[in-house]
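Each remark here refers to the structure printed beneath this line.
First the proteins, then the strands, lettered A, B, ... as listed; each starts at 1.
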2 protein chains.
Amino acid sequence: MKISSRFTVAVHILALLALEKNAHCTSEWIAGSVNTNPVVVRRVIGQLKKAGFVQVRPGTGGAFLTKDTQEITLLDIYRAAEVVEGGELFQIHEHPNPKCPVGANIQAVLEVILLRAQEAMENVLREIRLHDIVTALAQKIEANRP
Amino acid sequence: MKISSRFTVAVHILALLALEKNAHCTSEWIAGSVNTNPVVVRRVIGQLKKAGFVQVRPGTGGAFLTKDTQEITLLDIYRAAEVVEGGELFQIHEHPNPKCPVGANIQAVLEVILLRAQEAMENVLREIRLHDIVTALAQKIEANRP
DNA sequence: CATGTTGTAACTACAATGGTTACAAGAGGA
DNA sequence: TCCTCTTGTAACCATTGTAGTTACAACATG
């Protein structure tokens with residue numbers, strides 16, 4: 001099972017808000033860029049609000065960033081999107097037989113190793129900031145200009 | 001969504017085969033240690049067979065390792081268990097709007113970063129061998145002896 | 001030949017995902 | 001004031017993966 005696309009959708013949304021500061025970023029408009037349903041966008045934005053990354057103008061609508069793009073790492077977004085329950089990437093099979101020497105100890109042995117693997121992945125995400133994404137996007141956009 | 005416990009079940013099974021070389025390791029017996037259904041065990045063993053890590057005695061039954069525990073890394077087992085389709089950990093949302101500058105470029109930008117994160121995780125798994133698991137288990141078993 | 005095991009199919013229950021419709025509530029403009 | 005637009009949320013749906021279960025033909029060995 002892959003990590004839910006909620007994460008990359010969240011990154012997409014935040015990058016959009018950063019690059020289109022002056023647009024009226026409604027869920028409908030954002031959904032047009034992501035190519036999904038406005039409600040899906042609102043759900044993700046709800047999580048980004050909870051994380052304190054964005055706000056939404058009441059009534060008239062439109063989301064905007066409330067943090068500097070340097071202050072948001074991909075790991076922050078990953079956590080905000082809640083794509084892995086409890087933050088634990090690996091699922092260790094539960095209730096192995098405690099009367100079997102292997103069953104009694106396998107969990108403890110695996111736990112430390114798999115946590116290390118998870119942290120290695122998260123450390124890469126921690127090193128990337130929204131600012132880096134936006135910069136890379138701006139470069140590509142510039143390069144593709146006719 | 002977490003990574004399927006098929007992976008840790010596979011590690012459990014292989015460790016069991018390594019530590020209990022002389023036992024008659026039927027799917028029923030293994031299932032007793034993992035605490036699951038024999039058919040679940042047979043399915044995982046089927047994948048481990050495909051990967052060339054084990055064989056099963058025809059007729060009489062019982063699985064056994066066909067590789068040295070030093071030759072099997074956790075990454076090998078992870079791949080054999082096929083816990084993430086296509087080997088790609090992150091799912092990038094498909095078909096963003098190519099007419100939007102962000103939509104047209106976000107996939108390319110994310111792809112390289114997320115692949116890097118995935119590889120960091122896999123590199124940790126690659127460093128651990130079944131032998132290390134078995135050694136750690138043996139130590140814990142010894143320590144817990146009354 | 002009887003026994004025990006495997007491999008596989010088929011079915012189930014359950015959960016997460018992503019999409020969709022619907023609608024009350026709120027803010028601002030005409 | 002009323003109309004319009006947007007949001008937040010609930011509810012529902014189809015799809016998919018997971019993990020467990022039953023059932024059974026095929027097969028080797030004692």
Side-chain angles (χ1 to χ4, degrees), chain A residues 1-10 12-13 17 23-32 34-51 54-64 78 81-97, chain B residues 1-10 12-13 17 23-51 54-64 78 81-96:
Chain A
M1 183 69 85
K2 287 176 187 298
I3 289 174
S4 163
S5 66
R6 262 205 315 282
F7 170 42
T8 58
V9 168
H12 185 142
I13 292 174
L17 297 184
H24 185 208
C25 302
T26 67
S27 61
E28 180 106 29
W29 183 79
I30 296 172
V34 176
N35 190 26
T36 182
N37 191 286
V39 177
V40 173
V41 172
R42 282 180 228 151
R43 284 202 277 244
V44 174
I45 287 182
Q47 300 185 281
L48 298 176
K49 275 201 300 189
K50 247 197 291 177
V54 306
Q55 278 183 28
V56 175
R57 262 173 292 268
T60 166
F64 56 96
Y78 173 86
E82 294 174 14
V83 277
V84 299
E85 319 87 282
E88 305 230 306
L89 181 59
F90 292 92
Q91 180 174 13
I92 302 185
H93 60 291
E94 306 178 300
H95 315 304
N97 188 341
Chain B
M1 182 69 84
K2 287 174 189 295
I3 289 174
S4 162
S5 66
R6 260 202 319 280
F7 171 41
T8 59
V9 168
H12 185 143
I13 293 174
L17 297 185
H24 185 208
C25 302
T26 67
S27 61
E28 179 107 28
W29 182 78
I30 296 172
S33 169
V34 176
N35 190 26
T36 181
N37 190 286
V39 177
V40 173
V41 171
R42 282 180 228 151
R43 284 203 277 244
V44 174
I45 287 182
Q47 300 185 281
L48 298 176
K49 274 201 300 189
K50 248 196 291 177
V54 305
Q55 277 182 29
V56 175
R57 263 173 290 267
T60 167
F64 56 96
Y78 173 86
E82 292 173 15
V83 278
V84 299
E85 319 88 282
E88 305 228 306
L89 181 59
F90 292 92
Q91 181 173 13
I92 302 185
H93 61 292
E94 304 177 302
H95 315 304

Quiz item: Looking at C:dT21, C:dG18, C:dT5, which one has an atom nearest to any side-chain atom of B:H24?
Solution: C:dT5
Practice problem: Report yes or no: is there a donor-acceptor pair, N or O only, under 3.5 Å between the side chain of B:R6 and the base of D:dG17? | Solution: no
Self-check item: Nucleotide C:dC14, atom P - distance to CE of B:M1 in whole Å
Solution: 16 Å
Quiz item: Quick one: CG on A:L17 to CG on A:L48, what's the gap to the nearest 0.5 Å?
Solution: 8.5 Å
Exercise. Please tell me which of B:N35 and A:G62 maps to the more 5' nucleotide of DNA chain D, matching each residue to the nucleotide holding its nearest heavy atom.
Key: A:G62
Quiz item: Is there side-chain contact between A:H93 and B:T36, with at least one heavy-atom pair below 4.5 Å?
Solution: no
Quiz item: Is the closest side-chain heavy-atom distance between A:Q91 and A:M1 below 4.5 Å?
Solution: no
Quiz item: Roughly how many Å is it from CZ in A:R43 to C1' in C:dA16, rounded to a whole number?
Solution: 12 Å
Quiz prompt | A:V56 side chain, from C-beta outward: closest of D:dT18, D:dG8, D:dG20 | solution = D:dG8
Quiz prompt | Short side-chain N/O contact from A:S4 to OP1 or OP2 of C:dG18, under 4.0 Å | solution = yes
Quiz prompt | Protein-nucleotide distance (A:I13, atom CD1; C:dG18, atom C1'), rounded to Å | solution = 13 Å
Quiz item: Can you tell me if the side-chain N/O atoms of B:S5 get under 4.0 Å from OP1 or OP2 in D:dT18?
Solution: no
Tabulated below should be each protein N or O lying under 3.5 Å from an N or O of nucleotides 25-30 of chain C; please produce it.
residue: C:dG26; atom: N2; partner: A:G59; partner atom: O; Å: 3.4

Quiz item: Roughly how many Å is it from CD in A:E85 to C1' in C:dA16, rounded to a whole number?
Solution: 8 Å
Quiz item: Between atom CD1 of A:I30 and atom CZ of A:R42, what is the distance when rounded to the nearest 0.5 Å?
Solution: 10.5 Å
Self-check item: N/O donor-acceptor pair under 3.5 Å between A:H24 side chain and A:T60 backbone
Solution: yes
Exercise. Nearest whole angstrom, please: distance from the P of C:dA15 to the CD of A:E94.
Key: 13 Å
Quiz item: How many Å lie between CD1 on B:I3 and C1' on C:dA16, as a whole number?
Solution: 16 Å
Quiz item: Parallel, tilted or perpendicular: which fits the ring planes of B:Y78 and B:F7, with parallel below 30° and perpendicular above 60°?
Solution: perpendicular
Self-check item: Rounded distance (Å) that lies between atom C1' of D:dT9 and atom NZ of A:K49
Solution: 11 Å
Practice problem: Can you tell me the distance, in whole Å, between the CZ atom of B:R57 and the P atom of C:dG4? | Solution: 18 Å
Exercise. Drop me the distance from A:K2's NZ to B:I92's CD1, to the nearest 0.5 angstrom.
Key: 9.0 Å
Quiz item: Which nucleotide in the list C:dG18, C:dA16, C:dT21 gets nearest to the side chain of B:Q91?
Solution: C:dG18
Quiz item: Counting side-chain heavy atoms from C-beta on, which of C:dG19, D:dA19, D:dT9 comes nearest to A:V39?
Solution: D:dT9
